[in-house]
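To start, the structure itself, in structure tokens.
Starting from 1, each residue takes its place in the sequence as its number.
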Amino acid sequence: MSLTLHRLVTEGRNIASENIDQLSTAEMLKVINDEDKKVALAVEAILPEITQAVEAITAAFAQGGRLIYSGAGTSGRLGVLDASECPPTFGTSPEQVIGLIAGGHKAILQAVENAEDNAEQGARDLQIIDFSAQDILVGIAASGRTPYVLGALGWAKQRGAVTIAISCNAQSPMAECADIALSAVVGPEVVTGSSRLKAGTAQKMILNMLTTGAMIRSGKVFGNLMVDVEATNQKLIQRQKNIVIDATGCSTEEAELALKACNGQCKTAILMLLAELTAEQAQALLIEHKGFIRSALIASGNK
């Protein structure tokens, strides 16, 4: 490895918090908050690289490819979290975005000893899900040197897939291995080496951008409305109605009737009302225009 543990930025001691155990609660929290303010700026510094990543993921989705996350510990859990939230938010299949974590499902709730050190398992977990060149792999590790993730990145590259590395150390082994390096250098943690703090926040922000950006570019957002949201509970049933109302200016009754006519497909209901179409006509137009409401509207003669 090109970076030994003691030389990693994420393992360094933070001068601002050297005496944090002697501060009052209010002073302690002020230090934590001041450090957290640096995270968004570190992410801002790599927006051009995040742009590349979003465009690559969008292209993969358009070709039927999947987005696969590979991580260990906090990083792995963040990947699993982001993947698990895509189906209810964007109406995707559970297979479109998948989070793999060293140690398997057990590691989501508790640490699995030595799992992150197994590079072979990182590659093996990709083989288990039939990872292919159409897919995209995003390796996540604050240190940028986790063997499990490096094993996955190496195997994905051999398959000819686009690879992305999210880490919080510059010029890490993961960054050197990946096609696109997203290195958000947030500096030493308030509690030395606790990368669940600033590093974890940076990773979560980047993951939010990757999936949200790719889903917007894939036509799953109209304006700023999540028009492919699935109504799996009462809150989301009401959210669907609100989305249709906000998008079209219709009444609650009209929204309910439109949603009922198209079996709760929010996007279809919106197009029905805006273009004055039947559910079948709206569905056909959306299929023809790959789910993009604006394109379908133009084709229907409405703008």
Side-chain angles (χ1 to χ4, degrees), residues 54-69 78-99 134-136 204-205 207-303:
V54 168
E55 290 176 348
I57 294 166
T58 303
F61 284 166
Q63 299 301 316
R66 300 170 296 172
L67 170 60
I68 311 299
Y69 293 136
L78 288 170
V80 170
L81 172 64
D82 194 68
S84 67
E85 291 180 341
C86 286
T89 306
F90 298 112
T92 60
S93 73
E95 291 75 35
Q96 187 171 357
V97 184
I98 297 174
Q134 277 188 303
D135 301 323
I136 282 194
K204 180 67 168 71
M205 290 177 70
L207 293 172
N208 285 349
M209 287 182 170
L210 295 185
T211 44
T212 304
M215 295 302 174
I216 292 171
R217 285 282 165 260
S218 299
K220 291 186 171 293
V221 173
F222 179 61
N224 61 356
L225 302 172
M226 55 172 88
V227 290
D228 270 329
V229 64
E230 293 185 347
T232 54
N233 57 42
Q234 287 301 313
K235 178 187 76 174
L236 294 179
I237 289 171
Q238 185 58 50
R239 180 175 292 168
Q240 275 199 332
K241 294 177 191 176
N242 293 342
I243 287 170
V244 174
I245 292 167
D246 288 343
T248 67
C250 71
S251 67
T252 299
E253 183 181 5
E254 288 172 321
E256 289 173 347
L257 288 171
L259 284 165
K260 184 177 180 180
C262 62
N263 297 317
Q265 295 176 1
C266 206
K267 188 183 285 183
T268 305
I270 291 169
L271 186 59
M272 285 172 60
L273 291 166
L274 290 178
E276 299 180 355
L277 302 172
T278 65
E280 293 74 18
Q281 289 170 330
Q283 286 169 346
L285 260 182
L286 284 169
I287 291 170
E288 182 182 345
H289 293 274
K290 300 181 179 179
F292 285 86
I293 292 177
R294 293 191 193 280
S295 297
L297 270 173
I298 292 170
S300 72
N302 293 270
K303 295 185 181 180

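Residues Leu274 and Ala247 approach most closely at CD2-O, 3.9 Å, considering heavy atoms. Nearest heavy atoms, Ala258 versus Ala269: CB-CB, 3.9 Å. Shown here for Ser300 and Leu297, the closest heavy-atom pair between the two residues is OG-O, 2.7 Å. Summarising the geometry of Ala279 relative to Cys262, their closest heavy-atom pair is CB-CB, 4.1 Å, with the distance given to 0.1 Å. Minimum heavy-atom separation, Thr58 to Ala214: OG1-CA, 3.5 Å. Between Phe292 and Ile216 the shortest heavy-atom distance is CE2-O, 4.5 Å.
Side-chain contact check for Cys86 versus Gln96: every heavy-atom pair is 4.5 Å or farther apart. Side-chain contact check for Leu271 versus His289: every heavy-atom pair is 4.5 Å or farther apart. Using a 4.5 Å heavy-atom cutoff, the side chains of Phe222 and Asp246 are not in contact. A heavy-atom distance below 4.5 Å is found between the side chains of Leu210 and Val54. A 4.5 Å side-chain heavy-atom check between Arg239 and Met226 finds at least one atom pair inside the cut-off. Put simply, the side chain of Cys266 does not reach to within 4.5 Å of the side chain of Asp228, judged on heavy atoms. Residues Thr92 and Met215 form a side-chain contact, since some pair of their non-hydrogen atoms from C-beta on lies under 4.5 Å apart.
For the atom pair CE (Met272) and CD (Glu254), the distance works out to 11.0 Å, reported to the nearest 0.5 Å. Separating the CG atom in Leu285 from the CD atom in Gln283 is a distance of 11.0 Å, to the nearest 0.5 Å. Atom CD1 in Ile270 sits 8.5 Å away from atom CG in Leu259 (nearest 0.5 Å). Taking OG1 of Thr212 as the start and CG of Asp82 as the end, the distance is 7.0 Å to the nearest 0.5 Å. One distance of note links CD1 of Ile57 with OG of Ser218; it measures 10.0 Å at 0.5 Å rounding. Between the CG atom of Leu273 and the OG1 atom of Thr268 there is a distance of 11.0 Å, given to the nearest 0.5 Å.
Between Val229 and the choices Gln240, Lys267, Lys220, the side chain to side chain contact (heavy atoms under 4.5 Å, CB included) rule is met once, by Gln240.
A donor-acceptor pair is defined here as one N or O able to donate and one able to accept, closer than 3.5 Å; such a pair exists between the side chain of Ser84 and the backbone of Leu81. Using a distance-only test at 3.5 Å, with no hydrogens or angles considered, no donor-acceptor pair links the side chain of Gln63 to the main chain of Gln134.
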Leu67 vs Phe61, side chain to side chain contact (heavy atoms under 4.5 Å, CB included): CA-CA, chis, key distance, verdict
CA-CA 8 Å; Leu67 170 60; Phe61 284 166; 3.9 Å; yes
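For Glu85, the CD atom is densely surrounded, since the number of other residues' heavy atoms within 6.0 Å is greater than 12.
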